[in-house]
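Below is one structure, written out as structure tokens, with a few remarks after it.
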Amino acid sequence: METPYDPQAVETAAQEKWARERAYEVTEDPGREKFYCLSMLPYPSGAFHMGHVRNYTIGDLISRYQRMCGKNVLQPMGWDAFGLPAENAAIKQNVPPACWTYANIEQMRGQLQRLGYAYDWTRELATCKPEYYRWEQQMFVRLMAKGLVYRRDATVNWDPVDQTVLANEQVIDGKGWRSGAEVELREIPQWFLKITAYADELLDGLDELDGWPDAVKTMQRNWIGRSEGAEFDMEFCDPEGEPLADGGSVTVFTTRPDTSFGMTYAVLAPEHPLVAKTTAPERRDEVEAFVAETRGRSEADRAEGHADKRGVFTGAYLKNPFNRRPVPVYIADYVLMSYGTGAIMAVPGQDQRDWDFATAHGLPIVRTVQPPEGFGDDEPYLGDGPAINSEWLDGLGVTAAKAKAIEWLESQGIGRRRINYRLRDWGVSRQRYWGCPIPVIHCPECGPVPVPEADLPVVLPEDVRFMGVASPIKADPEWRRTTCPDCAGPAERETDTFDTFMESSWYYARYCCPDAGAMLDERANYWLPVDQYIGGIEHAILHLMYFRFYHKLMRDAGLVRSDEPATRLLCQGMVVAETYYRDADDGARHYFNPAEVEVERDDQGRVCGARLAADGEPVVVGPIEKMSKSKNNGVDPQSLVERYGADTVRLFAVFTAPPEQALEWSEAGVEGAYRFLKRLWKYVHDHVAAGPVATLAPTGLSSAQRELRAKLHETIAKVSDAIGRRLHFNSIVAAVMELVNAIARHPDAGEQDRAVAQETWENVVLMLAPITPHVCDALWAALGRDEALLDHPWPVADEAAMRRDEVEIVVQVNGRLRGRIRAAPGSERETLEAAALAEENVARFVAGNQVRKIIVVPDKLVNIVVTG
RNA sequence: GCCGGGAUGGCGGAAUUGGUAGACGCGCCGGACUCAAAAUCCGGUUCUGGCAACAGAGUGAGAGUUCAAGUCUCUCUCCCGGCACCA
């Protein structure tokens with residue numbers, strides 16, 4: 001009587017063994033090829049969810065596979081521990097953010113360990129610990145010294161009732177999340193990292209990242225938004241074009257210098273510093289009113305109704321240097337101070353926005369590129385064509401005209417070639433408490449001064465009480481008070497903290513040397529770059545851009561030698577589930593968890609309704625959506641692990657969908673995975689129970705035995721490719737299931753039958769080991785193998801075993817499948833043609849027709865082309 | 001609007017280089033076991049016609065290239081994601 005599959009017992013035993021053997025602790029070994037496999041570190045929210053399971057199972061299976069391939073594999077785990085939710089929880093539950101965070105870490109670590117991930121826990125880090133963030137502070141003061149950090153005013157959300165700055169997530173429909181007060185925009189000084197200094201390198205580096213998804217690279221390219229053009233100066237003048245006594249000039253940026261002769265007006269951003277100076281006295285009231293109104297609106301808000309091009313005339317004029325004519329100067333909110341020079345020349349004939357504005361404000365339109373025949377008069381022409389109305393540019397195409405215009409600007413000394421980026425510098429100041437303190441001291445005499453390296457870290461006090469919403473360190477004069485490192489006079493600490501993206505920008509490097517007495521040491525160069533990074537697509541832009549940027553900062557600080565932090569990136573899809581709800585009479589919608597609902601099907605198996613298990617009454621079947629609290633369609637992995645075991649949950653997460661696609665939750669799917677493991681367990685134990693196994697004699701096998709061996713080795717080839725190259729993990733499982741189905745139908749009685757079965761079961765276990773490591777560990781031992789499964793070499797397909805006595809060849813007539821024949825592999829073309837024509841059904845379709853041509857694909861297919 | 005990715009049975013998906021469409025799983029149908037249910041096992045399951053052999057249709061729509069198209073080309077529809085007044 002065999003033991004039934006008991007996942008809890010199997011998994012406990014395996015995990016205890018791994019812990020005892022310290023099976024996942026690694027050190028640098030220059031003699032071995034390394035593999036650094038990294039999953040994005042979680043925020044310790046306390047809620048371990050299916051998205052985590054999916055992410056970490058993918059990372060774990062890649063790690064385990066690479067280890068079986070003989071690599072020295074590093075797979076670490078840690079906690080992105082700073083952040084706003086801890087503060088929100090602190091305010092609600094009156095517990096310090098640090099306590100809440102550490103308690104969550106404890107809980108989530110236990111849940112991760114229960115899933116059996118092969119992490120080297122000795123390298124675990126939490127980003128909220130001073131021994132971690134002190135290096136980030138050191139890097140910041142060094143960047144200050146290098147001129148890569150600066151301070152300027154930036155807009156924040158201000159809650160006038162709570163008297164505090166709110167994060168974007170705390171603003172709901174323009175109102176403060178707690179006070180409900182209308183949020184105001186305020187300008188306060190904040191710190192910036194000059195990511196724009198690396199814009200070109202960040203852009204060009206994408207071309208080398210062959211292992212990154214195109215979607216991510218495209219998003220980053222668009223985000224960097226490099227555009228080439230020119231900037232040039234224009235003099236203020238009077239309405240006749242005569243110079244002004246104290247005129248001055250303004251610089252504009254354009255990507256179309258070739259169209260400059262078509263400039264019919266110019267526009268300054270409302271915040272442009274020259275607006276006040278150059279506005280004509282009689283226009284002042286109107287201009288000031290417009291500026292004031294614009295100031296109260298965010299950039300997003302301004303973009304909202306961009307169809308109506310709002311703006312006013314300033315009464316000033318600028319002289320177009322190309323044709324020496326004056327053009328009126330407007331201010332309009334479609335021109336942004338934060339891009340280019342905050343001033344543009346407007347060429348409505350060749351630009352949609354300028355066209356819209358000119359049309360709305362009755363300004364003239366001059367075309368400078370000849371549109372093709374039939375092009376309407378009611379829109380700007382953006383395409384290529386010969387220049388017109390442009391004096392010495394006439395007749396040139398766009399590219400040539402651009403080059404000539406820039407050459408001319410340079411020869412006149414009034415303009416130059418210029419590249420602009422949409423990418424903005426990275427604002428790293430947050431007016432929150434639970435973050436890394438920005439290591440700066442504000443001295444009334446010396447201004448902002450970096451904290452000397454010897455005084456680092458600036459430690460964030462963890463034992464705090466929240467009085468209202470404001471940051472406890474902002475509220476505490478004692479913490480702020482200090483002396484100026486330069487003049488020794490009284491001074492105050494910066495009370496802003498870093499954006500939490502700062503911590504997640506370098507954690508991957510710290511894992512390599514978690515105890516280093518510097519930010520990093522030489523061990524980082526052994527492990528880096530990361531060979532496989534796995535995480536959600538939602539990080540495609542921000543995190544993955546900052547992470548690349550920071551790596552370059554560390555490289556330029558001499559800490560790492562590579563140019564990019566990660567060579568391969570896999571973005572896994574969301575975990576989604578069906579939603580179920582009822583609408584109450586008052587319109588409120590109440591969602592029910594999938595676990596509380598019973599789905600009804602018609603006799604075809606189609607879902608036709610659902611009822612709440614508790615009351616038997618129907619509920620509405622809603623759309624399939626990302627698992628979330630608000631839709632109550634989340635499933636707790638912990639309860640699944642308790643019911644089915646970690647291997648089942650891991651198998652489900654890998655099998656149900658390819659990694660980059662959405663994974664649809666299904667209880668039945670989990671049961672299917674569980675059923676498979678139970679069958680596997682039973683098959684292997686039945687095989688073992690049948691007694692000793694003879695040595696395999698590959699040359700003396702029956703054709704059925706050879707057939708099964710061929711299937712096995714084909715599966716090994718397929719699975720190796722799917723796991724190592726294509727990352728199609730769901731196909732691995734399908735292929736192994738197919739093999740298991742084949743061997744289950746195979747007799748397990750004769751000596752060589754049992755030898756083939758033994759070989760097959762051992763390889764099934766090896767191939768599934770990365771995905772379901774616990775059950776495989778037990779089955780490996782049951783099969784009589786006493787060496788460690790973890791380090792057993794990944795199986796290699798045996799070419800000789802794959803050779804079959806006979807192959808099935810498909811016969812088509814005019815491309816339509818009409819029959820099948822069997823032949824020895826490598827059969828001659830003539831043999832196959834004859835056999836194909838002799839096949840009964842094929843002959844029916846060929847009869848009475850003339851054979852024109854016969855296509856033969858060796859060992860696969862014969863296509864007979866006939867006419868008649 | 002621009003950029004990127006998709007669309008295959010009742011459902012999730014497979015088909016790697018243009019060569020048997022629907023592997024594998026779920027669901028459903030039928031059967032075995034059972035007093036019964038659950039679990040388990042066996043068989044069937046793209047649609048249409050046919051007892052069957054088999055035939056016809058079929059990978060969002062339409063055209064094209066090819067002996068052969070889910071796969072390549074063009075046009076279109078819809079869906080998902082990102083960006084969105086960036087001069």
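Just so it is clear: chains get the letters A, B, ... in the order the sequence lines come, proteins before strands, and each one is counted from 1.
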Do the side-chain N or O atoms of [X] get closer than 4.0 angstrom to the phosphate oxygens (OP1, OP2) of [N]?
X	N	result
Thr218(A)	G82(B)	no
His728(A)	A15(B)	yes
Asn222(A)	C2(B)	no
Arg675(A)	C26(B)	yes
Gln661(A)	G13(B)	yes
Arg816(A)	C54(B)	no

So, Lys626(A) and Glu538(A), do they make that salt bridge, N to O below 4.0 Å?
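So Lys626(A) does not pair with Glu538(A) through a salt bridge.
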
Find which nucleotide of RNA chain B each of Glu664(A) and Ala673(A) is nearest to by heavy atoms, and output the residue with the more 5' nucleotide.
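With Glu664(A) and Ala673(A) compared, the 5'-side residue is Glu664(A).
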
Does Gly342(A) or Trp223(A) map to a spot on RNA chain B nearer the 5' end, using the closest nucleotide for each?
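Here Trp223(A) is the residue nearer the 5' end.
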
[X] [atom1] to [N] [atom2]: how many Å, rounded?
X	N	atom1	atom2	answer
Arg221(A)	A84(B)	CZ	P	18 Å
Met345(A)	C85(B)	CE	P	21 Å
Phe729(A)	G25(B)	CZ	C1'	19 Å
Glu625(A)	G81(B)	CD	C1'	15 Å
Ile732(A)	A15(B)	CD1	P	12 Å
Glu839(A)	A53(B)	CD	P	15 Å
Arg852(A)	U66(B)	CZ	P	14 Å
Tyr334(A)	G1(B)	OH	C1'	17 Å

Name the pairs: protein N/O against N/O of nucleotides 19-21 of chain B, kept only if under 3.5 Å.
unit_1, atom_1, unit_2, atom_2, d
U20(B), O2, Arg820(A), NH1, 2.5
U20(B), O2, Arg820(A), NH2, 3.3

Could you work out which one of [options] sits closest to the side chain of [X]?
X	options	value
Ala734(A)	A15(B), A23(B), A14(B)	A23(B)
Arg679(A)	C85(B), C26(B), C41(B)	C41(B)
Lys678(A)	U40(B), A87(B), A84(B)	U40(B)
Arg422(A)	G25(B), C85(B), C83(B)	C83(B)
Lys853(A)	C85(B), A87(B), C67(B)	C67(B)
Thr255(A)	A87(B), G13(B), A23(B)	A87(B)
Lys309(A)	G25(B), C54(B), C85(B)	C85(B)
Ser731(A)	C26(B), A14(B), A57(B)	A14(B)

With rounding to whole Å, what would you report as the distance between [N] and [M] at their [atom1] atoms?
N	M	atom1	answer
A15(B)	U46(B)	C1'	16 Å
G56(B)	G4(B)	P	41 Å
G82(B)	C76(B)	P	25 Å
G70(B)	U65(B)	P	16 Å
A38(B)	U77(B)	C1'	48 Å
U17(B)	A68(B)	C1'	15 Å
A21(B)	A69(B)	P	10 Å
A14(B)	A7(B)	P	9 Å

For RNA chain B, the expected dot-bracket line (Watson-Crick or G-U under 3.5 Å, [ ] crossing, | inter-strand) is (((((((..(((......[....)))((((((.......))))))((((....))))..(((((..]....))))))))))))....

Looking only at atom types and distance, does a side-chain atom of [X] sit under 3.5 Å from a main-chain N or O of [Y], one as donor and one as acceptor?
X	Y	value
Gln220(A)	Ala540(A)	yes
Asn633(A)	Thr579(A)	no
Arg54(A)	Met574(A)	yes
Asp425(A)	Ile195(A)	yes

What nucleic acid atoms does [X] come within less than 4.0 Å of, heavy atoms only: base, sugar-phosphate, or nothing?
X	answer
Arg818(A)	sugar-phosphate
Asn741(A)	sugar-phosphate
Phe845(A)	sugar-phosphate
Gly672(A)	sugar-phosphate
Thr254(A)	sugar-phosphate
Asn841(A)	sugar-phosphate

Give the ring-plane orientation class for Phe253(A) versus Tyr339(A), where under 30° counts as parallel, over 60° as perpendicular and anything between as tilted.
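Aromatic pair Phe253(A)/Tyr339(A) classed perpendicular.
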
Can you classify the ring geometry of Phe547(A) versus Trp212(A) as parallel (below 30°), tilted (30 to 60°) or perpendicular (above 60°)?
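Parallel, since the angle between the ring planes stays under 30°.
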
Under 6.0 Å from the six-membered ring centre of Tyr334(A) and within 45° of its axis: does the NZ or CZ of Lys309(A) meet both?
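Yes, cation above the ring, under 6.0 Å and within 45°.
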
Just checking, is any N or O donor in the side chain of Glu738(A) or Thr715(A) under 3.5 Å from an acceptor N or O on the other one?
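Short answer, no.
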
Are Arg679(A) and Asn741(A) close enough that a side-chain donor and a side-chain acceptor fall under 3.5 Å?
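Present: a donor and an acceptor within the cut-off.
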
Pull up the glycosidic torsion of G9(B) and say syn or anti, syn being anything within 90° of 0.
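Glycosidic conformation of G9(B): syn.
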
From CD (Glu714(A)) to CE (Met802(A)), nearest 0.5 Å
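Between atom CD of Glu714(A) and atom CE of Met802(A) there are 7.0 Å.
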
Once you round to the nearest 0.5 Å, how far does CD1 of Ile821(A) lie from OG of Ser827(A)?
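So the CD1 of Ile821(A) and the OG of Ser827(A) are separated by 8.0 Å.
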
Using the side-chain contact (heavy atoms from CB on, under 4.5 Å) definition, which of the options Ile771(A), Val719(A), Asn763(A) pairs with Val736(A)?
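It is Val719(A), the one option of Ile771(A), Val719(A), Asn763(A) that forms the side-chain contact (heavy atoms from CB on, under 4.5 Å) with Val736(A).
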
